[in-house]
Amino acid sequence: MHKELSDLINRNVTGANAVAYLTADAKKFDSSITVETSHIYKVVEFLKTNKTTSFNSLHCISGVDYTDYMEVCYMLTNYDPSAVRNLTLKVRVTDRVNAAIDSVVGQFVSADFLEREVYDMFGIKFNNHPDMRRILCPDDWEGFPLRKDYVAQKDYNGMTVYPDNKMNMEDREFIVRQNMIKKAQAEKAQ
Amino acid sequence: MNTQVHHTSSVKEYFGGLWDGIYSSLKGMWITFRYVWAVAPVSIEYPEVREVLPERARMRLFNDALNCISCTQCAMACPVDCIYIASEKLPEGSEIKKTSNGQAIRLHLTQFTIDTALCCYCGLCTTVCPTECLTHSHDYEFSAYTIDSMKYDYLAPDIVAWRDRIVKA
Amino acid sequence: MQTRWDVGEPHKPTINTRTEQLKSDLLTLNMGPQHPATHGVLRIEIWTDSEIVAHAIPHIGYLHRCMEKHCENLDFRGVIPFVDRLDYLASMNMEWNYAMTIEKMLGTEVPRRAELLRILTCELQRIASHLMAFGTYAIDLGAFSPFLYAFDYREKILRLFEEVSGARLLYNYIWIGGLWNDWSPEQISRVTAFCDDMEEEAKKYHELLSMNKIFIARTAHVGVMSVQDCIDFGATGPILRGAGMKWDLRKNEPYSLYSEFDFDVPVGTGEVGEPGDCWNRYIVRMREVVESIKIIRQVIEKLEPGSIMGKVPKVMKLPEGEVYFRSECPRGELAFHLVTKQDSKEPFRLKVRSPCFTHTSMLPRVAPGQMIADFVATVGSIDIVLGEIDR
Amino acid sequence: MQDGVVLTTLDEFLNWGRKNSLWPMTFGLACCAIEMMATGAAKYDLERFGCGAFMATPRRADLMIVAGTVTLKMATRVKVLYEQMAEPKYVISMGSCANKGGPYWQYGYHVLKGVDEVVPVDVYVPGCPPRPEALIEGVMTLQKKIANERLLRNKWVKHA
């Protein structure tokens with residue numbers, strides 16, 4: 001299904017160069033279509049409006065951080081009992097400092113919250129999104145938590161995130177302290 | 001339409017609606033009123049009447065330190081990392097003690113603490129323990145005034161006293 | 001008739017001309033993180049014009065417990081207790097969906113008895129979750145006694161789950177490859193007894209609340225969401241069915257053994273009020289309880305002895321790949337997007353697609369033009385759980 | 001004069017009155033809130049301890065049961081709610097999450113490690129979630145604590 005779909009996209013949306021990634025074992029893994037980042041809005045619009053393989057709902061947008069590039073996966077479905085279709089559309093973002101993709105809120109209203117969550121967790125901004133704010137973390141939160149190189153901030157308006165007296169440090173270093181005591185007794189004995 | 005458009009209802013509609021309201025409420029109230037005699041009381045007077053917990057209930061963790069061979073399987077299986085185990089090598093000549101099911105204890109357990117304030121009572125540690133010494137007891141009455149009193153050191157003598165107090169399944 | 005929910009400009013205040021000069025601006029109201037009607041820690045910023053909601057902006061994230069960051073550092077068995085805590089009213093369905101995602105990737109074969117018992121437990125969990133929704137929805141509208149009835153029968157289910165798994169609410173019972181322990185025949189007979197009582201109880205709830213004139217006045221024609229609206233917003237489960245579309249993953253994309261059972265999918269037909277309003281969403285949930293009882297009875301007939309745990313390696317190493325698995329939960333379609341690296345012991349990325357997350361995004365579309373009391377009824381009727389929204 | 005018969009009996013009477021009418025505030029955060037509701041429901045009835053009337057506003061409540069995970073975004077609200085409560089106020093921290101961060105302490109960048117960082121806690125109820133009986137036992141432990149409070153004996157006698 002993915003092969004013809006990617007050819008269909010390439011024919012209708014110029015410059016989208018959709019590449020279908022087919023997994024060896026379809027029963028175990030999902031296959032997907034990777035699309036050019038700048039053409040994401042046109043591809044989604046085409047997938048929604050074309051007659052033959054239409055997808056009328058955006059099920060989920062999930063970001064994945066592969067350290068050298070970040071991927072945004074759009075899961076499209078067709079809510080029509082007669083023609084049930086699912087598709088995973090992928091877009092790659094290489095720029096980690098100010099990453100930006102076109103928002104698809106124009107086509108699917110459900111993308112509003114989903115894109116805000118991808119921005120909150122990965123720092124990928126979405127152009128012409130009605131309300132580009134963090135959704136889960138507080139607005140003045142530093143850093144983007146789900147990136148692989150994320151380090152939690154020390155404290156957040158007065159409360160320490162990892163207080164030392166709660167980390168059970170003395171239990172973890174129990175072995176280290178035992179060895180030091182034994183070494184001290186050994187020196188005293190000599 | 002959300003904002004109810006104000007329409008003047010006829011006399012029949014008005015009294016009909018009134019009767020519907022009273023009748024449907026009365027039917028609901030009759031169901032509740034039947035509970036006075038028709039249904040046995042449901043609530044359990046907790047301190048006096050204690051419900052018998054099922055055999056697999058997962059309450060406070062208990063470790064029978066004599067049988068523990070300090071293999072740290074439970075510490076690795078715990079998703080929350082709240083089990084802290086330390087053990088040391090036995091000196092050469094000492095005799096090897098046996099656990100209840102016959103396994104030899106080669107390491108001497110020096111520390112076995114579980115921080116029940118972090119524990120999520122998922123039971124993954126009890127399934128991994130080879131000598132079945134780490135189990136869930138049926139004791140849920142251990143609320144405390146201070147947070148540090150919730151870190152239980154299973155080698156301490158008072159824990160053995162606690163063991164006799166609970167009913168161990 | 002004025003369109004009820006054009007998102008763009010807010011609802012124009014309907015003040016009659018005489019008080020026009022009164023320069024009354026919109027009042028901002030915080031249906032704050034601590035509020036009896038928000039089912040947890042959801043904050044809705046309401047701009048009201050004298051009791052009519054001009055527009056509403058939901059603020060979530062007050063229960064963001066960084067679950068997806070945890071899943072990147074936990075081995076595959078250690079993730080199950082965290083998946084329980086997503087939708088803590090339907091933990092069994094969460095575990096089952098996660099277990100099926102991993103089993104699809106591993107290709108393990110789950111024995112038939114384990115698969116049947118999974119359907120039994122998850123349908124029981126669906127009844128418990130809908131009872132909870134019924135109880136709290138009645139409290140939102142001021143009726144206290146249905147809450148006590150609902151919790152009385154919910155305790156019976158929790159007792160059964162406690163005997164089987166050991167915990168009352170967060171079970172860690174459905175493992176990857178099968179189940180932790182088995183149901184004894186005595187427990188199965190108690191399930192059939194429970195199903196018979198639950199059937200009468202459902203009729204009693206119908207008389208107690210569904211047909212109550214006050215309840216109908218409070219919920220009929222309130223918070224209407226059309227089918228096209230639901231599909232645009234990606235709403236699923238009782239909300240899509242309440243709007244009138246016959247869509248249930250267990251029927252349309254059958255997973256596990258659901259294709260062997262016959263049950264029908266209740267749909268909001270609008271016998272009271274119109275399809276898509278609060279009453280129809282509520283009645284779809286109550287009819288789903290009866291359908292679940294039908295499924296449980298068929299499962300108990302088909303049960304036969306056998307092993308309950310498939311062949312799963314002791315240390316689980318998953319090949320490289322990506323899976324997106326959807327299943328039908330009491331609140332809608334839950335899905336897990338799992339990405340793994342070659343021979344990894346923990347998931348590289350586990351994204352949870354939460355139905356309540358998309359249902360909350362519908363509130364700004366439905367709120368304008370409603371009274372505040374009706375807005376409370378709408379929030380109650382979409383039955384959201386904050387653990388799943390904020391993850 | 002400190003522990004004279006008059007002040008002690010008066011104190012006991014006051015403590016008896018206050019400990020048997022603790023009004024909790026509906027403050028459900030997460031899974032423990034469901035167990036708190038189950039405690040308030042018919043089977044394990046909290047009403048038998050005079051503790052069943054769940055008040056919506058902090059003004060009319062004198063017991064705050066923190067049931068669930070307190071996140072950093074929610075912590076400021078917990079502090080504000082605590083300050084809005086009338087003075088003889090008590091806090092029960094219910095569940096591992098409220099005690100010390102619970103299962104979310106390791107990678108929980110957004111989770112407050114224990115509610116006692118923002119609010120003084122009287123009784124910690126362990127469990128995840130604690131059984132309804134464990135919550136009732138927590139309320140009884142709090143009642144023991146209230147029973148021997150020294151209300152009059154400290155205030156009236158200045159140079160005690």
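FYI, side chains are in, hydrogens and waters are out, and symmetry mates aren't considered; it's all heavy atoms of this structure. Chain identifiers are assigned alphabetically (A, B, ...) following the order of the sequence lines, protein sequences preceding nucleic acid strands; residue numbering begins at 1 within each chain.
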Start with the C-alpha distance between C/M105 and A/F29, add both sets of side-chain angles, then the distance that settles side-chain contact (heavy atoms from CB on, under 4.5 Å), and finish with yes or no.
CA-CA 6 Å; C/M105 208 174 224; A/F29 305 107; 3.3 Å; yes
Residue pair C/H337, A/C60: steps toward the side-chain contact (heavy atoms from CB on, under 4.5 Å) verdict
CA-CA 9 Å; C/H337 178 223; A/C60 160; 5.7 Å; no
Worked verdict on A/N86 versus C/Y324 for side-chain contact (heavy atoms from CB on, under 4.5 Å):
CA-CA 10 Å; A/N86 302 321; C/Y324 187 73; over 6 Å; no
Please walk me through it: do C/F357 and A/I135 pass side-chain contact (heavy atoms from CB on, under 4.5 Å)?
CA-CA 11 Å; C/F357 187 76; A/I135 193 165; 3.8 Å; yes
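For chain C, no part of A/D120 is nearby; none of its heavy atoms comes within less than 4.5 Å. No part of C/Q228 comes within reach of chain A, as not one of its non-hydrogen atoms sits under 4.5 angstrom from that chain. Interface residue A/D65: only backbone heavy atoms are found under 4.5 Å from chain C. The part of A/V84 that comes within reach of chain C is its side chain, from C-beta onward, which places non-hydrogen atoms under 4.5 angstrom from that chain. For C/V323, the parts lying under 4.5 angstrom from a heavy atom of chain A are both the backbone and the side chain. Heavy atoms closer than 4.5 Å to chain C are found in the backbone of A/N78, but not in its side chain. If you measure heavy-atom distances from A/P81 to chain C, the contacts under 4.5 Å come from both the backbone and the side chain. Proximity to chain A is absent for every atom of C/L63, based on heavy atoms less than 4.5 angstrom apart. When heavy atoms are compared at a cutoff of 4.5 Å, A/D112 does not approach chain C at all. Heavy atoms of A/Q107 lying under 4.5 Å from chain C are absent altogether. Of the atoms belonging to A/I61, it is backbone heavy atoms, and not side-chain ones, that fall under 4.5 Å from chain C. Contacts between A/S62 and chain C at a heavy-atom distance below 4.5 Å involve backbone atoms as well as side-chain atoms. Contacts between A/R133 and chain C at a heavy-atom distance below 4.5 Å involve the side chain alone, from C-beta outward. For C/F325, no part lies near chain A; criterion is any non-hydrogen pair under 4.5 Å. Looking at C/S354, there are no atoms closer than 4.5 Å to chain A (heavy atoms on both sides), in backbone or side chain. With a 4.5 Å cut-off on non-hydrogen atoms, C/M362 does not touch chain A at all. At a 4.5 Å heavy-atom cutoff, the contact between A/T88 and chain C is made by side-chain atoms alone.
Side-chain N or O atoms of C/K69 include one that pairs as donor or acceptor with a backbone N or O of A/R147 at under 3.5 Å. Listed for the C/R349 side chain is a donor-acceptor partner under 3.5 Å among the backbone atoms of A/G63.
Here the side chains of C/R353 and A/H59 are in contact, with some heavy-atom distance below 4.5 Å. Looking at A/T77 and C/R326, their side chains come closer than 4.5 Å, going by heavy atoms from C-beta outward. Between C/K104 and A/D30, some side-chain heavy-atom pair lies under the 4.5 Å cut-off.
Top candidate by heavy-atom pairs under 4.5 Å with chain A, chosen from C/A235, C/S361, C/G234, C/G321, is C/S361. Across C/K246, C/E103, C/E253, C/K341, the residue that shares the most heavy-atom pairs under 4.5 angstrom with chain A is C/E253. If you tally non-hydrogen atom pairs under 4.5 Å between each of C/I57, C/T360, C/L338, C/D232 and chain A, the highest count goes to C/D232.
Within 6.0 Å of the CG atom in A/D164, the count of heavy atoms belonging to other residues, nucleotides or ligands does not exceed 12. With a 6.0 Å radius and a threshold of 12 heavy atoms from other residues, nucleotides or ligands, A/K182 has its NZ atom above the threshold. The number of heavy-atom neighbours closer than 6.0 Å to NZ of A/K148, taken from other residues, nucleotides and ligands shown, is above 12.
The aromatic rings of C/W247 and A/Y79 lie perpendicular to each other, with more than 60° between the two planes, well past the 30° mark.
Between C/K351 atom NZ and A/M121 atom CE the span is 9.0 Å, to the nearest 0.5 Å. Here NZ of A/K28 is found 9.0 Å from CG of C/L318. Values are rounded to the nearest 0.5 Å. Annotation: the span from A/R134 atom CZ to C/H64 atom NE2 amounts to 9.5 Å, rounded to 0.5 Å.
Taking each heavy atom of A/N56 and C/I231 in turn, the nearest pair found is O-CG2, 3.3 Å.
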